[in-house]
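First up is the structure itself, then whatever we jot down about it.
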Amino acid sequence: SATIKQEIDYSPIQFLEIFGTKDIDGRKSYIDDDLTEERVCRRIPKVIYPQMAKNQANQWIYVVNEVEYTQAVVAEICEKEGKSCAYLDRNLPPGMYSRCRQKYSYKRLLALHPTEKRTYSDKFKFPSCCACYVKSNDILGRSLKAGRRRH
(Lines give C-alpha, C1' and ligand atoms only; values in the text may rest on other atoms or scores of the structure.)
Protein backbone atom coordinates (compact mmCIF):
# COMPACT_ATOMS: atom_id res chain seq x y z
CA SER A 1 0.00 0.00 0.00
CA ALA A 2 2.89 2.36 0.67
CA THR A 3 4.16 1.63 -2.85
CA ILE A 4 0.87 2.65 -4.39
CA LYS A 5 0.84 5.90 -2.42
CA GLN A 6 4.45 6.71 -3.32
CA GLU A 7 4.59 5.62 -6.96
CA ILE A 8 1.12 6.48 -8.22
CA ASP A 9 -0.95 9.64 -8.14
CA TYR A 10 -4.18 8.82 -6.39
CA SER A 11 -7.10 10.79 -5.12
CA PRO A 12 -7.60 10.43 -1.34
CA ILE A 13 -11.31 11.18 -1.91
CA GLN A 14 -11.50 8.38 -4.49
CA PHE A 15 -9.84 5.96 -2.05
CA LEU A 16 -12.16 7.05 0.77
CA GLU A 17 -15.25 6.52 -1.41
CA ILE A 18 -14.20 2.97 -2.28
CA PHE A 19 -12.32 1.86 0.85
CA GLY A 20 -13.92 4.05 3.53
CA THR A 21 -16.28 1.33 4.74
CA LYS A 22 -15.94 -2.37 4.12
CA ASP A 23 -19.27 -3.65 2.84
CA ILE A 24 -18.08 -7.19 2.08
CA ASP A 25 -16.53 -9.49 4.66
CA GLY A 26 -14.67 -12.41 3.08
CA ARG A 27 -15.29 -14.56 6.17
CA LYS A 28 -19.07 -14.14 6.01
CA SER A 29 -21.28 -16.56 4.08
CA TYR A 30 -23.20 -14.96 1.22
CA ILE A 31 -25.38 -18.01 0.62
CA ASP A 32 -28.85 -16.66 1.28
CA ASP A 33 -30.80 -19.67 0.05
CA ASP A 34 -33.83 -20.95 1.89
CA LEU A 35 -32.83 -24.49 2.92
CA THR A 36 -36.33 -25.75 2.05
CA GLU A 37 -35.84 -24.70 -1.59
CA GLU A 38 -33.57 -26.14 -4.27
CA ARG A 39 -32.14 -24.33 -7.29
CA VAL A 40 -32.64 -25.79 -10.77
CA CYS A 41 -29.08 -24.67 -11.65
CA ARG A 42 -26.44 -25.37 -9.03
CA ARG A 43 -23.87 -22.67 -8.47
CA ILE A 44 -20.70 -22.05 -6.51
CA PRO A 45 -20.79 -18.79 -4.50
CA LYS A 46 -17.38 -17.09 -4.11
CA VAL A 47 -15.91 -13.90 -2.75
CA ILE A 48 -13.18 -12.79 -5.17
CA TYR A 49 -10.37 -10.32 -4.43
CA PRO A 50 -9.20 -9.64 -8.00
CA GLN A 51 -5.60 -8.65 -8.74
CA MET A 52 -6.37 -8.30 -12.48
CA ALA A 53 -9.69 -8.22 -14.30
CA LYS A 54 -11.14 -7.55 -17.77
CA ASN A 55 -12.80 -4.17 -18.16
CA GLN A 56 -15.65 -3.21 -20.52
CA ALA A 57 -13.09 -2.63 -23.31
CA ASN A 58 -11.97 -6.27 -22.85
CA GLN A 59 -8.52 -5.19 -21.54
CA TRP A 60 -6.77 -6.90 -18.64
CA ILE A 61 -6.18 -4.20 -15.98
CA TYR A 62 -4.49 -4.31 -12.57
CA VAL A 63 -7.00 -3.82 -9.75
CA VAL A 64 -6.00 -2.15 -6.47
CA ASN A 65 -6.03 -4.94 -3.88
CA GLU A 66 -3.51 -4.42 -1.12
CA VAL A 67 -3.50 -5.37 2.55
CA GLU A 68 -4.77 -1.92 3.51
CA TYR A 69 -7.02 -1.44 0.46
CA THR A 70 -9.12 -4.48 -0.43
CA GLN A 71 -11.89 -4.74 -3.01
CA ALA A 72 -14.10 -7.80 -2.95
CA VAL A 73 -16.64 -9.07 -5.48
CA VAL A 74 -19.39 -11.54 -4.60
CA ALA A 75 -19.69 -13.97 -7.53
CA GLU A 76 -21.79 -16.99 -8.47
CA ILE A 77 -20.29 -19.53 -10.85
CA CYS A 78 -22.38 -22.16 -12.65
CA GLU A 79 -21.40 -25.59 -11.41
CA LYS A 80 -22.59 -27.30 -14.59
CA GLU A 81 -22.94 -24.66 -17.29
CA GLY A 82 -24.60 -25.99 -20.44
CA LYS A 83 -26.20 -28.93 -18.62
CA SER A 84 -29.95 -29.38 -18.19
CA CYS A 85 -31.74 -27.57 -15.39
CA ALA A 86 -32.74 -30.00 -12.63
CA TYR A 87 -36.28 -31.44 -12.91
CA LEU A 88 -37.21 -29.50 -16.05
CA ASP A 89 -36.42 -31.54 -19.17
CA ARG A 90 -38.71 -34.43 -18.17
CA ASN A 91 -41.56 -31.95 -17.64
CA LEU A 92 -41.22 -29.76 -20.73
CA PRO A 93 -43.37 -30.10 -23.86
CA PRO A 94 -41.89 -32.11 -26.76
CA GLY A 95 -39.20 -30.20 -28.64
CA MET A 96 -38.26 -28.06 -25.62
CA TYR A 97 -35.12 -28.32 -23.50
CA SER A 98 -33.43 -26.43 -20.67
CA ARG A 99 -29.86 -25.27 -20.10
CA CYS A 100 -28.01 -23.64 -17.20
CA ARG A 101 -26.17 -20.55 -18.40
CA GLN A 102 -23.61 -18.31 -16.69
CA LYS A 103 -24.65 -14.66 -16.45
CA TYR A 104 -22.27 -11.75 -15.89
CA SER A 105 -22.49 -8.23 -14.50
CA TYR A 106 -20.13 -5.28 -14.26
CA LYS A 107 -18.74 -3.96 -10.98
CA ARG A 108 -16.92 -0.65 -10.58
CA LEU A 109 -13.48 -1.01 -8.97
CA LEU A 110 -10.44 1.16 -8.41
CA ALA A 111 -7.67 0.18 -10.82
CA LEU A 112 -4.20 1.18 -11.96
CA HIS A 113 -4.26 3.08 -15.24
CA PRO A 114 -2.58 0.99 -17.97
CA THR A 115 -0.42 3.83 -19.36
CA GLU A 116 -0.34 6.54 -16.69
CA LYS A 117 0.94 6.37 -13.11
CA ARG A 118 -2.41 6.92 -11.45
CA THR A 119 -5.50 5.15 -10.20
CA TYR A 120 -8.88 5.41 -11.85
CA SER A 121 -12.34 3.88 -11.56
CA ASP A 122 -13.40 1.31 -14.19
CA LYS A 123 -16.08 -1.33 -14.67
CA PHE A 124 -15.06 -5.01 -14.68
CA LYS A 125 -16.95 -8.12 -15.72
CA PHE A 126 -17.59 -10.88 -13.14
CA PRO A 127 -19.82 -13.98 -13.03
CA SER A 128 -23.00 -12.87 -11.25
CA CYS A 129 -25.45 -15.78 -11.31
CA CYS A 130 -26.37 -19.10 -12.89
CA ALA A 131 -29.72 -18.92 -14.73
CA CYS A 132 -31.95 -21.57 -16.27
CA TYR A 133 -33.19 -21.02 -19.83
CA VAL A 134 -35.80 -22.98 -21.75
CA LYS A 135 -35.55 -23.24 -25.54
CA SER A 136 -37.17 -25.15 -28.38
CA ASN A 137 -35.13 -27.63 -30.38
CA ASP A 138 -34.74 -25.75 -33.72
CA ILE A 139 -35.32 -28.72 -36.01
CA LEU A 140 -38.26 -30.10 -34.05
CA GLY A 141 -39.55 -26.59 -33.28
CA ARG A 142 -39.70 -25.70 -37.00
CA SER A 143 -41.45 -28.94 -37.93
CA LEU A 144 -44.00 -28.46 -35.13
CA LYS A 145 -44.69 -24.88 -36.28
CA ALA A 146 -44.93 -25.97 -39.92
CA GLY A 147 -47.35 -28.76 -38.96
CA ARG A 148 -49.58 -26.27 -37.14
CA ARG A 149 -49.82 -24.03 -40.20
CA ARG A 150 -51.12 -26.85 -42.41
CA HIS A 151 -54.19 -27.48 -40.28
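Side chains included, hydrogens not; waters and symmetry mates left out as well; all remaining heavy atoms used.
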Taking the side chain as every heavy atom from C-beta outward, state whether [X] and [Y] have any pair of such atoms under 4.5 Å apart.
X: H113; Y: Y62; answer: no
X: E38; Y: Y87; answer: yes
X: V74; Y: P45; answer: no

Worksheet item: Does E79 have any salt bridge (charged side-chain N to carboxylate O under 4.0 Å, His left out) partners at least two apart in sequence or in another chain, and if so, which?
Response: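 R42.
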Practice prompt. Under the side chain to side chain contact (heavy atoms under 4.5 Å, CB included) rule, what do V64 and Y120 come out as? Steps first, then yes or no, please.
Written response: CA-CA 10 Å; V64 174; Y120 77 110; over 6 Å; no
Measuring from [X]:[atom1] to [Y]:[atom2], what's the distance to the nearest 0.5 Å?
X: R108; Y: N55; atom1: CZ; atom2: CG; answer: 11.0 Å
X: Y106; Y: K125; atom1: OH; atom2: NZ; answer: 5.0 Å
X: Y97; Y: S84; atom1: OH; atom2: OG; answer: 9.5 Å
X: C130; Y: K103; atom1: SG; atom2: NZ; answer: 11.0 Å
X: K80; Y: Q102; atom1: NZ; atom2: CD; answer: 15.5 Å

Discussion item. On a heavy-atom basis, which atom in N65 and which in Q71 lie closest, and how many Å separate them?
Written reply: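 Here N65 and Q71 meet closest at OD1-N, 2.5 Å.
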Worksheet entry | Heavy-atom closest contact (S121 atom, L110 atom, distance) |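 Looking at all heavy atoms of both residues, the shortest contact is N-CD1, 4.3 Å.
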Worksheet entry | Residue list, side-chain hydrogen bond (donor to acceptor under 3.5 Å, both in side chains) with S128, at least two apart or on another chain |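 side-chain hydrogen bond (donor to acceptor under 3.5 Å, both in side chains) check on S128 returns nothing, list empty.
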Discussion item. If hydrophobic clusters are built from ILVMFWY residues whose side chains come within less than 4.5 Å, do I77 and V73 share one?
Written reply: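 No, it is not one cluster - the side chains of I77 and V73 are not joined through contacts under 4.5 Å.
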Item to complete: Tell me whether L112 is reachable from W60 by hopping between hydrophobic residues (I, L, V, M, F, W, Y) whose side-chain heavy atoms are closer than 4.5 Å.
Response: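 As far as the 4.5 Å side-chain criterion goes, L112 and W60 are connected within one cluster.
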Worksheet item: Do R39 and E76 meet the salt-bridge criterion of a basic N to acidic O distance under 4.0 Å?
Response: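 Judged by the 4.0 Å cut-off on N to carboxylate O distance, E76 and R39 do form a salt bridge.
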Worksheet item: Checking K107 against F126: charged group under 6.0 Å from the ring centre and within 45 degrees of the axis?
Response: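 Cation-pi check for K107 and F126: fails.
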Practice prompt. Identify whether NZ of Lys or CZ of Arg in R99 sits under 6.0 Å from the centre of the six-membered ring of Y133 and within 45° of that ring's axis.
Written response: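 Output no; distance or angle outside limits.
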Worksheet entry | Test item: N58 side-chain N/O and K54 main-chain N/O as donor-acceptor pair under 3.5 Å |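 Judged by distance alone, no pair lies under 3.5 Å.
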Worksheet item: Is it true that a side-chain atom of T119 and a backbone atom of A111 form a donor plus acceptor pair closer than 3.5 Å?
Response: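 No: the side chain of T119 does not pair with the backbone of A111.
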Worksheet entry | C41/C100 sulfur atoms closer than 2.5 Å |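 Judged by the SG atoms alone, which are under 2.5 Å apart, C100 and C41 are bridged.
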